[in-house]
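Right, one structure below, let's go through it.
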Amino acid sequence: MKALAGRFRPKVMLCVAGALLASAATAADPWPRAVNPAPRNPALDARVHAIVAGMTLEQKVGQMTQADIRSVTPDEVRRYYIGSILNGGGAWPSMNMHSSVDDWLKLSDAFYRASMSTDMKVKVPVIWGTDAVHGHNNVYGATLFPHNIGLGAAHDPALVGRIGRATASQVRATGITWAFAPTLAVVQNPRWGRTYESYSSNPELVRDYGEAMVRGLQGQLGSPTSVLATAKHWLGDGGTFHGKDQGETRTSEANLAATHAAGYYGALMANVQTVMVSYSSFTDTASGKHWGKMHGNAHLIGDVLKRRLGFDGLVVSDWNGIEQVPGCTKWHCPQAINAGIDLVMVPDDWKKFIGTTIADVRTGRIKMSRIDDAVSRIVRVKLESGLFDSSPATGQHPDATVMHSPEVRMLAREAVRKSLVLLKNDHGVLPLRRTGKVLVVGKGAASLPMQAGGWSLTWQGDNTKTSDYPNADTLLSALRKTIGAGNVDYSPDGKVADLGGYSAIVMVAAENPYAEGAGDISFPRSVRHTSRYPADLAALTRVSGKGVPVVTLLFSGRPVAANDLINRSDAFIAAWLPGTEGMGLADMLVAGPDGLPAFAFTGRLPFDWPAGDCLAKKGGIQFRRGYGLTLGSRSTLGRLPEAQPVMACPVESR
Ligand code: GLC
């Protein structure tokens with residue numbers, strides 16, 4: 001039994017066999033109560049009150065505005081009192097993807113100085129937010145960690161905390177003090193394009209990871225290596241029908257509280273300073289109430305998050321998320337602000353947003369008390385972050401070496417090792433001996449973009465090439481470094497006449513990178529890897545069953561049906577989206593100098609793994625969450641049934 005300690009002592013939250021049951025909660029009131037909210041700091045509250053009291057309406061609404069760096073200049077930040085900026089995926093200083101750390105620092109300094117040169121009675125510094133979701137992934141040369149799905153397979157909260165600390169230093173090295181991470185979605189359907197941003201379908205694991213990552217990122221608030229964390233996306237983003245991105249989450253409020261909010265209990269216990277609202281909508285299947293889009297949900301944002309759970313940080317909307325509230329546009333949505341959104345991510349239309357929101361206050365559509373509450377939360381968070389004390393660009397901050405220092409790379413390499421899940425090991429072909437000659441097959445083996453996935457240099461992780469990652473190793477380069485370039489041949493398509501001289505074949509099947517909805521496998525499209533990437537099966541088929549052992553790694557942002565690939569492999573590894581440290585892959589494939597395994601396989605599935613297209617039907621799951629072999633535990637999988645066409649799949653319950 002494991003009850004939530006510390007800040008929250010829900011009536012009783014029991015962890016029973018991995019299922020989180022709010023045993024004493026009732027369907028009518030399923031939310032834990034914030035028993036010991038972080039102790040109030042009267043001096044801080046007084047300082048916040050004094051600052052806000054001295055602000056004009058224009059200054060207050062400016063503080064509630066977050067603009068993208070492509071659409072706002074430092075001088076506009078000064079003139080319009082803009083409270084926050086962000087670099088959305090694919091935005092870099094001067095729109096140069098190869099910007100140096102110094103370029104980022106210079107831009108940060110320009111925005112900061114501009115915000116501190118307004119005519120406000122008390123200058124309020126601008127705060128810059130960035131999607132550092134697997135390391136500081138927008139920055140050229142940065143070490144990228146495995147995406148969250150791989151960290152979930154590691155089942156190691158301490159590792160996640162260390163990654164948070166390292167990521168925070170990378171972010172602070174560029175003069176930025178806010179990371180839009182961690183995603184705390186508890187994904188229920190692997191069709192969702194953001195499955196890889198989720199740690200697991202297990203709420204308990206997500207809860208522990210939420211706490212660990214927030215503590216890692218925030219560290220000691222106000223210190224030079226601390227960044228604000230963001231618990232996102234509130235609430236139910238991972239539970240939409242058919243896993244549709246920005247879709248409808250159909251469940252009871254009790255399940256929302258027990259499953260989808262689990263990560264937030266951990267994040268809140270770690271004193272998370274910001275929460276980002278989800279694009280998804282919520283339909284309560286217990287009451288039948290259609291609550292609509294989360295960006296307009298005053299009950300879950302106001303009543304639950306802020307009042308019941310005691311969240312006293314700031315709530316930020318998602319990218320143009322307010323436009324999805326009925327009757328709203330990208331730049332005008334009193335409903336969203338009245339629902340409890342404090343800071344509005346209005347990347348481009350920020351000037352119109354300021355005008356319409358000021359008008360709404362003047363006409364009474366938005367009460368000044370709501371504006372004052374929002375601005376007080378924003379100012380308090382900025383005071384906690386230390387921004388009032390010194391510039392994040394010219395004050396104390398980590399130096400550029402943290403972007404890809406040996407220590408950071410070793411940490412990422414360790415995470416890669418721990419993320420791998422061995423699904424098949426029928427003939428004990430691992431580890432490969434160091435002296436043999438290996439043939440590497442598959443496009444993904446030499447593609448850093450496919451190895452890193454989305455949110456890597458660009459939003460979609462596309463329009464990049466391996467040479468855009470100077471401090472990285474693909475699987476191919478890692479194997480060549482490990483056993484000698486002369487012992488590793490490469491054939492993207494497996495069209496090799498004579499395989500006789502090879503001691504082993506390493507095949508990489510992989511997905512093209514994607515992010516958000518672009519990665520959805522929309523029902524009823526097949527979730528079989530081969531249905532989207534037939535070239536991988538073709539390449540594997542060319543080299544399989546020819547008397548040379550085949551080890552296959554799958555780079556994927558989700559569990560996918562892959563029985564056809566597994567059947568043609570002697571060993572099969574779910575490698576997820578490992579990031580820049582391909583050496584972590586080689587560590588697990590090749591024996592140590594003594595010929596023995598250098599590392600043990602410890603990864604376990606963070607999600608159920610599909611047998612075919614119908615997770616929901618009997619036999620639809622090939623490997624259950626928690627499955628994972630060690631080198632000592634030989635599998636006897638034999639030949640697995642190859643997936644049926646999707647039409648055999650009953651309409652999924654989700
Ligand atoms: C995106 C994502 C969110 C991200 C934000 C800023 O649409 O939903 O996770 O933090 O925009 O890039």
Side-chain angles (χ1 to χ4, degrees), residues 65-72 84-92 127-139 147-149 167 171 176-187 192-199 210 213-214 217 227-240 243-247 249 260 263-264 267 272-281 293-295 313-325 330 336 341-350 453-462 513-520 557:
T65 306
Q66 182 180 62
D68 186 83
I69 59 170
R70 288 165 284 201
S71 304
V72 71
S84 180
I85 56 174
L86 82 150
N87 61 291
W92 316 279
I127 187 166
W128 182 340
T130 190
D131 290 284
V133 296
H134 63 135
H136 200 358
N137 40 261
N138 291 286
V139 177
H147 268 294
N148 287 352
I149 189 170
T167 302
V171 173
I176 298 175
T177 60
W178 182 9
F180 298 139
T183 292
L184 298 173
V186 184
V187 169
W192 191 31
R194 305 191 74 165
T195 297
Y196 66 81
E197 296 185 65
S198 170
Y199 294 120
M213 181 50 84
V214 169
L217 286 169
V227 295
L228 301 182
T230 307
K232 73 183 188 180
H233 310 80
W234 179 265
L235 182 54
D237 51 350
T240 60
K244 180 173 167 34
D245 187 46
Q246 306 187 9
T249 299
H260 297 287
Y264 294 82
V272 68
Q273 290 293 296
T274 79
V275 169
M276 187 182 292
V277 178
S278 176
Y279 286 117
S280 54
S281 59
K293 283 289 180 178
M294 277 304 305
H295 275 74
L314 71 84
V315 175
V316 61
S317 61
D318 203 335
W319 183 279
N320 287 325
I322 62 173
E323 70 173 335
Q324 298 190 13
V325 177
K330 286 186 176 68
I341 287 176
D342 305 306
L343 180 66
V344 179
M345 190 186 296
V346 48
D348 308 308
D349 302 293
W350 52 270
W455 297 104
S456 301
L457 289 175
T458 64
W459 176 40
Q460 295 290 320
D462 59 356
Y514 52 77
E516 304 193 43
D520 279 7

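Fair warning: this is a prediction, and the values are worked out from it, not measured in the lab. Below, each value reflects all heavy atoms present in this structure, side chains not excepted, and no hydrogens, waters or symmetry copies. Read the numbers this way: they start at 1 and go in the same order the structure lists the ligands and their atoms.
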Legend entry - Test item: V344 and T65 side chains (from C-beta on) under 4.5 Å apart, heavy atoms: no
Legend entry - Location of contacts on R194 toward ligand 1, heavy atoms closer than 4.0 Å: side chain
Legend entry - Between CD1 on residue I341 and CG on residue D318, distance to nearest 0.5 Å: 9.5 Å
Inset, instruction - Report, in ascending order of atom number, the atoms of ligand 1 lying under 4.0 Å from any heavy atom of Y279. - result: 7 (O), 8 (O)
Inset, instruction - Could you tell me the separation between the CH2 atom of W178 and the CH2 atom of W128, rounded to the nearest 0.5 Å? - result: 13.5 Å
Inset, instruction - Return the residue, atom name and 0.1 Å-rounded distance of the protein heavy atom closest to atom 1 (C) of ligand 1. - result: E516 OE2, 3.1 Å
Inset, instruction - Say whether E197 and ligand 1 are in contact under the criterion: heavy-atom distance to a ligand atom below 4.0 Å. - result: no
Inset, instruction - Could you tell me which atoms of ligand 1, counted from 1 in the order shown, lie closer than 4.0 angstrom to a heavy atom of M276? - result: 3 (C), 10 (O)
Inset, instruction - State, yes or no, whether a side-chain contact exists between E516 and W455 at a heavy-atom distance under 4.5 Å. - result: yes
Legend entry - Residue-ligand contact W459/ligand 1, heavy atom below 4.0 Å: no
Inset, instruction - Could you walk me through whether L235 and Y264 pass side-chain contact (heavy atoms from CB on, under 4.5 Å), step by step? - result: CA-CA 9 Å; L235 182 54; Y264 294 82; 3.8 Å; yes
Legend entry - Close side-chain approach of V171 to T130, heavy-atom, < 4.5 Å: yes
Legend entry - ligand 1 atoms in contact with W319 (distance to a heavy atom under 4.0 Å): 7 (O), 11 (O)
Legend entry - Atoms in ligand 1 flagged as close to K232, the criterion being non-hydrogen separation under 4.0 Å: 3 (C), 4 (C), 9 (O), 10 (O)
Inset, instruction - Give a yes or no answer on whether the side chain of K293 reaches the backbone of Y279 with a donor-acceptor pair at less than 3.5 Å. - result: yes
Inset, instruction - Any atoms of ligand 1 less than 4.0 Å from a non-hydrogen atom of F180? List them with their elements. - result: 10 (O)
Inset, instruction - Check whether any side-chain heavy atom of V72 lies under 4.5 Å from a side-chain heavy atom of I85, and answer yes or no. - result: yes
Inset, instruction - Give yes or no for whether the N/O distance cutoff of 3.5 Å, strictly under, is met between H233 and ligand 1. - result: yes
Legend entry - Heavy-atom nearest neighbour in the protein, as seen from atom 4 (C) of ligand 1, with distance rounded to 0.1 Å: D131 OD1, 3.2 Å
Inset, instruction - Could you find the nearest protein heavy atom to atom 11 (O) of ligand 1 and give me its residue, atom name and distance? - result: D318 OD1, 3.0 Å
